[in-house]
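Chain A is the first sequence line, chain B the second, and so forth, proteins listed ahead of strands; every chain is numbered from 1.
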Protein chains: 2
Amino acid sequence: MATVDRSPTEGSGKSVPAGARRTTLAAVAHLAGVSIATVSKVVNGRSDVAPETRSRVQELLRRHDYVAPVDRRTEAAARPTVEVQFAGDLKPYVAEALGGIVDAATELGVSVAISQPARGPRWARDLVSMGRRALIAVTSVYTPAYLDALMQAGLPLVVLDPLHLPHSEVNSVGPTNFAGGFAATQHLLGLGHRRIAYLGGPAIAAANQARVHGYRAAMEARGTPVPDAYIRSGEFTFQTGVLGAAVLLDLPSPPTAVFAGNDEIALGVVETARTRGLRVPQDLSVVGFDDTLLARVASPPLTTVRQPLREMGGVALRTALRLADGEKLESHHVELATELVVRASTAPV
Amino acid sequence: MATVDRSPTEGSGKSVPAGARRTTLAAVAHLAGVSIATVSKVVNGRSDVAPETRSRVQELLRRHDYVAPVDRRTEAAARPTVEVQFAGDLKPYVAEALGGIVDAATELGVSVAISQPARGPRWARDLVSMGRRALIAVTSVYTPAYLDALMQAGLPLVVLDPLHLPHSEVNSVGPTNFAGGFAATQHLLGLGHRRIAYLGGPAIAAANQARVHGYRAAMEARGTPVPDAYIRSGEFTFQTGVLGAAVLLDLPSPPTAVFAGNDEIALGVVETARTRGLRVPQDLSVVGFDDTLLARVASPPLTTVRQPLREMGGVALRTALRLADGEKLESHHVELATELVVRASTAPV
DNA sequence: CTCTGTTTCCGAAAACTTTCGAAAACTGGT
DNA sequence: ACCAGTTTTCGAAAGTTTTCGGAAACAGAG
């Protein structure tokens, strides 16, 4: 089998004259007037070679079409690896994006390693020495120190669904949060709702802010006033949904529809409605965001704004690989389109 | 610098007697009665080594703590890597187990790579040549050819929640499915239910069978007959829950409680109840299995049998590492205790 | 200028990997 | 059983990489 594998390599490019041996380190070493060891070091990018010697040897290697054995090897061992880091639990949101990354990686013949964000002063350099070519951070916070460590190590970064606002130093992939918030709100308005509340994630999160703005824009376009109490922040958790919905429903003028910042919050809202004897969607309409598994298996199935999570994962991986290849990107931030998916948690007032 | 880097390695584990040289391929080759070349091939996962020879050499390499030069380069590169494979989507079940694996790996300083089950004749060997030391398969099917490829490559395998019955050739980690099924059914019986149905996953799945048996055992212990129509199989999906519940509820004598094979099925049952105007738990009690996020964020929150998924992931990782170190295991199959978690989806008749 | 580290660069030797041919073990035939 | 072709397995030799020590260049202190 090894013999069969090798054959394609032989036919590559300008072929060596029949009978002539392949160029060896020894030949080059002789011509360059250095030892074999030194030539080997040049080939492998070791540091202990004088710049002048290095370039002289490199020139000879080129001239004689030297091919290193590692390059002759089968592609398997040479597969690049990208690291994917996620903080905290592997929630459905992260899991689906990760699924998209793995799919794309399988297709491209790339390995994927996963980990929690590492600590310690050397973490970024350690990743490089473990053979990682790029880093994809999913919904992670990144501090200047974090970015600096990556820069130092020369490890390119792509952030999937960045928590912060798109920063020119950082490459990121995200959904069209504004458009999604707008579409969700418009859907509720179209059903005749006017008292629509927004119950979202952390106020600092860029994604959350964009969704709020989309919501506001739709409300204003319809000329519907938005009481301050109708916009609430919290975490992207079930708990926030349960508690936030309770507060909203206790308002003197409670909303007839809630637009939740993600599916998990939406489920919390549904649960609070249930404990209070309110039926969804007859008594309260709920819209989620993300369209994770959660939305599809909920009771009732959730109307939600679909994020193309798998595609986003794929784009993130491809972007990471392009950065690893030293390509310059024309755009630092890519947004993929969201889409409203209407299911059973929304109904006319 | 190189000299300084090496020193920490010297102090690791059972130290080599002072003055003694590091283990070399030549030493191992001599012990094994083969050539240096053959030992090198084993280290690098090359194909042209007989399985018997390979395992004998591997054993000696381990016993003498051989460290490949590529691993000596930096201490970071020496971190072992385990591959985790999962088929299909990254469902909450798989995601939580994966979370447990990553946690344990972080603690132990091990790298985790993830992928879809690979194809091709060389996949297992490729994993070895990419530096993987063990493989954890999550709910994957494994064919004889699959096992054979691993054996050939000398890559140890741990299956998490095996689909097949525990096989003496395969090391596996799973929950106490029988006890879980028994506890769930007893809980329903204790609430006064007598017409209890089981709606589970694939009939061939070992986990499903054990849950059914637990259910049957509890019913028989109480002297409650189980009509054949009360036991249904399908997939571990929402769809199966929706459809199966519809069939069960159309029975002449419909059940008052459904024990579902997992949380996703349980949610399907809840949804069918809802569309028929039945309230859970007042009109129908539902018990799930797994206690994934799904159970906690459902409406109503699901009574379910908790699997210690994170712990199972941790055990799987530790087991995989021990196998990679050549330890013999006293037991081929480890079962971790399940626990009934009572929430709001069950109530007295 | 001399002495004493310190760093850079190189190569000999040792360690390791790959190639490739040959023997052994299978394949199907007759 | 025997034979010709094929595949598997292995090791010798060739090729390559790593280790480690030493020479030369460099840098400061006396």
Side-chain angles (χ1 to χ4, degrees), chain A residues 1-10 16 20-30 32-58 61 64-74 76-78 129, chain B residues 1-7 9-10 19-58 61 64-74 77-78 121-122 125 128-129 131 148-149 151-154:
Chain A
M1 177 190 282
T3 317
V4 177
D5 274 355
R6 190 155 22 72
S7 53
T9 336
E10 310 252 283
V16 184
R21 306 295 321 265
R22 174 165 49 71
T23 325
T24 65
L25 284 192
V28 176
H30 181 74
V34 295
S35 73
I36 296 176
T38 300
V39 182
S40 170
K41 285 173 193 177
V42 171
V43 170
N44 296 287
R46 292 283 173 280
S47 56
D48 55 346
V49 179
E52 195 277 325
T53 309
R54 183 186 300 272
S55 57
R56 181 158 44 90
V57 172
Q58 274 173 334
L61 287 168
H64 293 268
D65 292 325
Y66 176 77
V67 188
V70 280
D71 294 341
R72 280 180 258 138
R73 254 203 290 255
T74 49
S129 69
Chain B
M1 154 115 67
T3 318
V4 177
D5 271 357
R6 191 156 22 74
S7 53
T9 337
E10 311 250 284
R21 308 293 321 265
R22 168 167 56 70
T23 317
T24 65
L25 283 193
V28 175
H30 181 73
L31 276 279
V34 296
S35 73
I36 296 176
T38 300
V39 182
S40 170
K41 285 174 193 175
V42 171
V43 171
N44 296 289
R46 292 285 175 281
S47 56
D48 55 348
V49 180
E52 196 278 327
T53 309
R54 184 186 298 272
S55 57
R56 181 158 43 89
V57 171
Q58 276 176 332
L61 286 168
H64 294 269
D65 293 325
Y66 176 78
V67 192
V70 52
D71 289 344
R72 282 199 297 267
R73 273 209 269 266
T74 69
R122 310 177 16 92
R125 279 178 219 139
V128 172
S129 66
D148 196 53
M151 193 79 69
Q152 290 271 334

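- Straight-line distance from the CG atom of B/Asp48 to the C1' atom of C/dT17: 12 Å, rounded to whole Å.
- Listed nucleotides C/dT18, C/dC10, D/dG15 differ in distance to A/Thr24; the shortest reach to its side chain belongs to D/dG15.
- At C/dC16, one or more side-chain N or O atoms of B/Tyr66 fall inside 4.0 Å of OP1 or OP2 (strictly under the cut-off).
- For B/Ser40, no side-chain nitrogen or oxygen approaches OP1 or OP2 of C/dC16 to under 4.0 Å.
- Rounding to whole angstrom units, CD of residue B/Glu52 and C1' of C/dA24 are separated by 15 Å.
- Residues B/Thr23 and B/Tyr66 share a closest heavy-atom pair of O-CD1, 3.5 Å.
- Across the protein-nucleic acid pair, A/Leu25 atom CG and D/dT18 atom P stand 12 Å apart, rounded to whole Å.
- Among the atoms of the strands shown, only primed sugar atoms or phosphate atoms (P, OP1, OP2) are found under 4.0 Å from some heavy atom of B/Val49.
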If you look only at distance, which donor and acceptor atoms sit under 3.5 Å apart when one is on a side chain in residues 28-37 of chain B and the other is two or more places apart or in another chain?
residue, atom, partner, partner atom, Å
B/Ser35, OG, B/Ala37, N, 3.4
B/Ser35, OG, B/Thr38, N, 3.2
B/Ser35, OG, B/Thr38, OG1, 3.2

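- Contacts of residues 30-37 of chain B with DNA chain C (heavy atom under 4.0 Å): B/Ile36, B/Ala37.
- You'll find that the side chain of A/Ala50 is closest to C/dC10, out of D/dT9, C/dT18, C/dC10.
- In this model, the phosphate group of D/dC10 is approached by a side-chain N or O of B/Thr53 to a distance below 4.0 Å at OP1 or OP2.
- Taking every heavy atom of both residues into account, A/Val42 and A/Gln58 meet most closely at CG1-CG, 3.6 Å.
- Here the NZ-OG1 distance, from B/Lys41 to B/Thr53, works out to 11.0 Å after rounding to the nearest 0.5 Å.
- The side chain of B/Pro51 approaches D/dT9 more closely than any other nucleotide in the set C/dC9, D/dT9, C/dC10.
- Here C/dC10 presents its P atom at 9 Å from NZ of A/Lys41, a figure rounded to the nearest Å.
- The side chain of B/Arg46 contributes an N or O atom lying less than 4.0 Å from OP1 or OP2 of C/dT18.
- Contact detail for B/Arg54 and B/Arg46: the closest heavy-atom pair is NH2-O, 2.6 Å.
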